[in-house]
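One structure below.
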Number of protein chains: 4
Amino acid sequence: MSESAKEPRWERRKQDRPQELLAAGLALFVERGYAATRLEDVAARAGVSKGTLYLYFENKESLFKSVVRANMLPLVDEAEDMVERHTGHSADLLRELILSWWGAVEHSGLVGISKLMMAEAGNFPELAQFYQAEVISRCDAVMVRMLERGAARGEFRSVDAEQMKKVIVAPILMLMLWSQSFGPCSIPPLDPQAYLASLIDLCLHGLLKPEHKPAQQQPD
Amino acid sequence: MSESAKEPRWERRKQDRPQELLAAGLALFVERGYAATRLEDVAARAGVSKGTLYLYFENKESLFKSVVRANMLPLVDEAEDMVERHTGHSADLLRELILSWWGAVEHSGLVGISKLMMAEAGNFPELAQFYQAEVISRCDAVMVRMLERGAARGEFRSVDAEQMKKVIVAPILMLMLWSQSFGPCSIPPLDPQAYLASLIDLCLHGLLKPEHKPAQQQPD
Amino acid sequence: MSESAKEPRWERRKQDRPQELLAAGLALFVERGYAATRLEDVAARAGVSKGTLYLYFENKESLFKSVVRANMLPLVDEAEDMVERHTGHSADLLRELILSWWGAVEHSGLVGISKLMMAEAGNFPELAQFYQAEVISRCDAVMVRMLERGAARGEFRSVDAEQMKKVIVAPILMLMLWSQSFGPCSIPPLDPQAYLASLIDLCLHGLLKPEHKPAQQQPD
Amino acid sequence: MSESAKEPRWERRKQDRPQELLAAGLALFVERGYAATRLEDVAARAGVSKGTLYLYFENKESLFKSVVRANMLPLVDEAEDMVERHTGHSADLLRELILSWWGAVEHSGLVGISKLMMAEAGNFPELAQFYQAEVISRCDAVMVRMLERGAARGEFRSVDAEQMKKVIVAPILMLMLWSQSFGPCSIPPLDPQAYLASLIDLCLHGLLKPEHKPAQQQPD
DNA sequence: TATGAATGAGGCTTCATTCAT
DNA sequence: CATGAATGAAGCCTCATTCAT
């Protein structure tokens, strides 16, 4: 896979190396955790040798932090855009935020990064602060804005947005965690779509004012 | 805490050793993760030497599994009892399940165990299966029974209980995780009571049939 | 040498381990220099395994510093005593200082330690300062006292003691260095006794006042 | 120093490369010792890349040997000339040999090369032999000739020249070593001129026959 | 039962050396 | 000639595990 005979190995684009290493690191850190991930395996998965890794990252910790930083920020940007630009009913915004976040995360290998941060926050306080400041608080803000927008437009009940945002985000994060940890061994297997439909169902029934509430909402 | 002055320490020890080691292990595994926890530290925290630990547990993995097993099962038993015995309105049962689970978990040092399992499930598939079978599925069943009871008594809407149980459990689990990982560095600090009140608020508004719904529910 | 079959290996006196490791370290550091010395070899020479070394010394640098400190201080003490207690002619003191220092150094494996410090001073500034303060300056003081005693008693010419002490110490140090570095491959081989006799000869002819000077000194 | 403004730098380079690398190597080997010197740093100091170094030297050891060889031989030639051509009193020859050797060494960056050889002789036996044969023995011979000349002309006492030459050379070598290793952290700082004056003072008082001896020699 | 000295496999990291351009 | 990305052997250090007392 990583050895194409016709092009010499070091000719391959120097500028792509960091990307490849970050991708390999993401996959392995998520799968095994920080400590159980060997740099030699990360390098091998990126198709280079152990030493090469040190041309791009100072050490294991530095690689780890880069993996987290590089992967999360784009996602958050996207979510912020979405709220900013939405024009329709807040119920649709809520639905879209939830479904598109999951869609983005599911297809990018980032499902595991929350688990990673949960597990390792204690060992990397500095990284935890970065994550809290740059990722969590921005995601929270997105949800708060969505809830307040709904209330301002008379579509949602007025609730304690500060807490409610966390209550709504929690099931999404748990879906990410489950799909990484117990998903593989749970019976029946996780069905993300049905799960998210139930979440949206609960949220809308729980938040919409009576006059906006769907007469008889059925899941999916 | 582990030194009770009135009884001489070597007379009391023998039968307590495993408990003390399990407690020390729980604390450290939760704080640092499996790999970053050194058996020497576990032994020291339990007030014994490194070698002693091997008189009670075969090796590190065995200690880890015992920590998980020993701590979770009692909690689940309690939750099962609660549903069985409840006689009143299902809204009260939901409220009680949520609040008493958190109460039990918060005061027993078990807050971290979910994080632990999430993080290490990948490295211990066998333990993950045990956890899934003995803990998760039983907790799930408790929630399902609560939802079905509500529907059967005409108090709750009819929903996809299989999914909804997970949606409701998720925020509780996340509260446990947050309080272990990002709690310490989040501003403003987590307020578990307000958070759970919002969760209950959302659930009841989202589940109760119109005629049972509180006219104007305010958070807390 | 270090493996006696009848007594189990770890029974051997815990309190002797540091000594054995320091001795092994001295030998190898002197022979190969700091960087070229492998801790595994030091451990092996002391009859223990790699890991054991870390029970007694924090790391390589710490071992190195301990080797230097532990070996030099006793020697300096001895030299200081000698000047303090001497009662006879200063020429005899000079002779005795030189010969007994070399005797002590030659039979204790410490011949190499000066070379070691010379070579590594640049890499361990902190250790160099210690050495300068605790060893060199005290040795210097011994020589200065000897020269001033001679002058005070009218036995030696009056000279610039501050510089002359270094001039006299230099050949002794060089003997230590030579015997470690080029001694093995020099032809004809070094003859320490004849060399020191020449040094004493030069010093006495160069320092004694005419009336004390040996009429016709012949080397040895 | 290595950047001459008037000629374009890539036109001048080719033939100067080896010299620049040898100079860079000398500086770093002396400062850090053989093992602690990284070829990348040598190359960088010479203003070339790591690979270039291998166009001129087979490997690290080869560079090291070349550094030693290239730097020492010219100095020895000069010293030999000096004895050959001297016509005056042997006391003046002794003084001139000592002072001019130090002068040459002090201003050429070669002060450290003795330390280098001392420290690494054990690791490079072959180089040590070269150094012994090509440098040390020739320097020794120069001193022996000086002493024998003095004796033959009736100016010096008759001494064991074979040993005495080493005794006289030792303080000069130590001055080189000190100025490299402990010089920086010694208080008061080394004063080479005063030190050498004391050496000459001692030698002349110790070697000159009574009739040639200066009535009252004062340092400097 | 309890100790803690000892072990050694295994991971992170460095750096001399190579080689395609 | 020159470059610098890539390699991999080798060393420091950690820590789970053993075992004689």
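We name chains A, B, ... by the order of the sequence lines, and we start the count at 1 in each one.
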*Taking both distances under 3.5 Å as the test for a Watson-Crick or G-U pair, what stems of at least three pairs does DNA chain F have?*
E:2-21 with F:2-21

*In terms of the nearest nucleotide of DNA chain E, which residue is placed more toward the 5' end: C/L55 or A/A35?*
C/L55

*asked:* Measuring from the side chain of B/K60 (C-beta onward, heavy atoms only), which nucleotide among F/dC13, F/dA16, E/dT13 has the closest atom?
replied: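 Looking only at side-chain atoms, B/K60 lies closest to F/dA16.
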
_NZ/NE/NH1/NH2 to OD/OE distance under 4.0 Å, C/E20 and C/R45_ = no

*Considering heavy-atom distances to DNA chain F, does B/L39 or A/L53 have its closest nucleotide positioned more toward the 5' end?*
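This one resolves to A/L53.
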
_Between C/Y34 and B/Y54, which residue's closest nucleotide on DNA chain F lies nearer the 5′ terminus?_
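Taking each residue's closest nucleotide, the earlier one in sequence belongs to C/Y34.
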
Identify all pairs in which a protein N or O lies below 3.5 Å from an N or O of nucleotides 8-10 of chain E, and state each distance.
from   : atom 1 : to    : atom 2 : distance (Å)
E/dG10 : O6     : C/K50 : NZ     : 3.0

*Assign the ring pair B/F124 / B/F64 to parallel, tilted or perpendicular, where the plane angle (0 to 90°) is split at 30° and 60°.*
tilted

_Using whole Å, what does the distance between atom P of nucleotide F/dC12 and atom CD of C/E61 come to?_
13 Å

*When rounded to the nearest 0.5 angstrom, what is the spacing between OH in B/Y131 and CZ in B/R69?*
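Interatomic distance, B/Y131 OH to B/R69 CZ, rounded to 0.5 Å: 13.0 Å.
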
*Run the side chain to side chain contact (heavy atoms under 4.5 Å, CB included) check on D/F29 and D/E120 step by step: do they pass?*
CA-CA 10 Å; D/F29 281 137; D/E120 306 295 348; over 6 Å; no

*Does a nitrogen or oxygen in the side chain of A/Y56 sit under 4.0 Å from OP1 or OP2 of F/dA5?*
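For A/Y56, the contact criterion (side-chain N or O under 4.0 Å from OP1 or OP2 of F/dA5) is not met.
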
